[in-house]
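So the structure is just underneath, and the comments pick up after that.
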Amino acid sequence: MGDEVKPTKVIDARGSFCPGPLMEMIKAYKQGKIGDVISIYSTDSGTKKDAPEWIKKSGNELIGVYDRQGYYEIVMKKIR
Amino acid sequence: MSGKLSLILFSGEMDKLMAGSIIASGAVANEMKVDIFVTFWALLQVTKEGVHQISLSPEAGPLAGEVMRVMHEKKIPSWLDTIRQISEVGDVTVYGCAMFADMMGIKKEELDPIVKDIIGVSQFMGMAKDSTMTLFL
């Protein structure tokens, strides 16, 4: 991820299938505070599309979707 | 909250129950309230003792064994685990069907704690009438 943003919480949902990773992200979001940066690792292809869409639709900030080796990382910032 | 899904689970086949739980998770992700009414064969799947056999729909045919093996191997969560998970995240309520429970002599205490109450169809339909989406599986 970007050098400037350090996640408040990292969720490792690798190996978990739809809807697991997205639900874990929403749970972390609901438990978090405004300004929290939440990062999720996933290997599930549905989540790669669903999570960024959820982040935008819910009025939060999508910091980025990064391809890692064998998985990808989605980073969001809680702004509401 | 924006909108409400009323989901009636009737089938006790694992793939239909999984589809139902995953659709419900999509509703939660869309900030919808979710009310689930569990009846007949699906109700048997939420008894604490569980049903001794949970199978796939007949259309799985010769693929059933392979699909079950893959699901086990990849540790796919059970439909009930998915319902438990989404109820921690969203506004999800599970009700058991009074008619089927009465008929089979099933009491609330015998059901998984995820089932909040046993209610009649009229009460459920009263809650469902203002849903934005209603599904019967």
Side-chain angles (χ1 to χ4, degrees), chain A residues 7-34 36-65 68 70-80, chain B residues 1-5 7 9 14-36 54 56 60 63-64 66-94 112 114 132-133 135 137:
Chain A
T8 319
K9 189 177 174 71
V10 176
I11 302 156
D12 188 349
R14 287 175 289 182
S16 172
F17 292 86
C18 169
L22 179 62
M23 291 299 126
E24 287 188 47
M25 194 190 75
I26 297 176
K27 190 175 170 186
Y29 160 79
K30 290 200 169 171
Q31 290 170 345
K33 301 187 298 288
I34 302 285
D36 278 1
V37 174
I38 301 163
S39 159
I40 181 156
Y41 301 165
S42 180
T43 45
D44 171 70
S45 64
T47 307
K48 191 175 182 179
K49 293 192 171 126
D50 278 1
E53 189 181 315
W54 182 86
I55 294 163
K56 288 181 218 157
K57 205 170 49 188
S58 62
N60 289 286
E61 184 187 338
L62 175 64
I63 295 178
V65 179
R68 303 299 186 206
Y71 69 98
Y72 52 88
E73 179 180 7
I74 298 159
V75 185
M76 68 165 285
K77 186 172 185 183
K78 175 165 174 153
I79 56 174
R80 60 181 291 270
Chain B
M1 286 290 142
S2 58
K4 177 164 78 175
L5 167 67
L7 180 61
L9 295 176
M14 186 183 66
D15 41 4
K16 291 201 184 76
L17 291 168
M18 274 186 77
S21 69
I22 293 169
I23 291 167
S25 77
V28 164
N30 281 280
E31 290 181 26
M32 294 169 78
K33 178 175 163 47
V34 178
D35 286 334
I36 304 175
I54 183 158
L56 295 174
L63 282 176
E66 169 74 1
V67 171
M68 291 293 250
R69 188 185 62 73
V70 169
M71 286 180 38
H72 182 74
E73 214 172 79
K74 299 197 167 170
K75 299 189 175 70
I76 304 288
S78 73
W79 74 277
L80 206 47
D81 282 342
T82 299
I83 298 289
R84 291 186 188 108
Q85 184 186 32
I86 65 173
S87 60
E88 285 174 25
V89 173
D91 183 356
V92 179
T93 317
V94 181
D112 186 280
I114 194 79
T132 33
M133 202 180 286
L135 296 173
L137 289 177

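Proteins come first, then strands; the chains are lettered A, B, ... in the order of their sequence lines, and each starts at number 1.
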Only pairs under 3.5 Å, no angle test: what donor-acceptor pairs are there between chain A and chain B?
residue: A:K27; atom: NZ; partner: B:E88; partner atom: OE1; Å: 2.5
residue: A:K30; atom: NZ; partner: B:V89; partner atom: O; Å: 2.6
residue: A:W54; atom: NE1; partner: B:A29; partner atom: O; Å: 3.0
residue: A:K57; atom: NZ; partner: B:N30; partner atom: OD1; Å: 2.5

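Between B:I22 and A:C18, the shortest heavy-atom contact is CD1-O, 4.3 Å.
Annotation for B:M133: atom CE does not count as buried by contact number, only 12 or fewer foreign heavy atoms lying within 6.0 Å.
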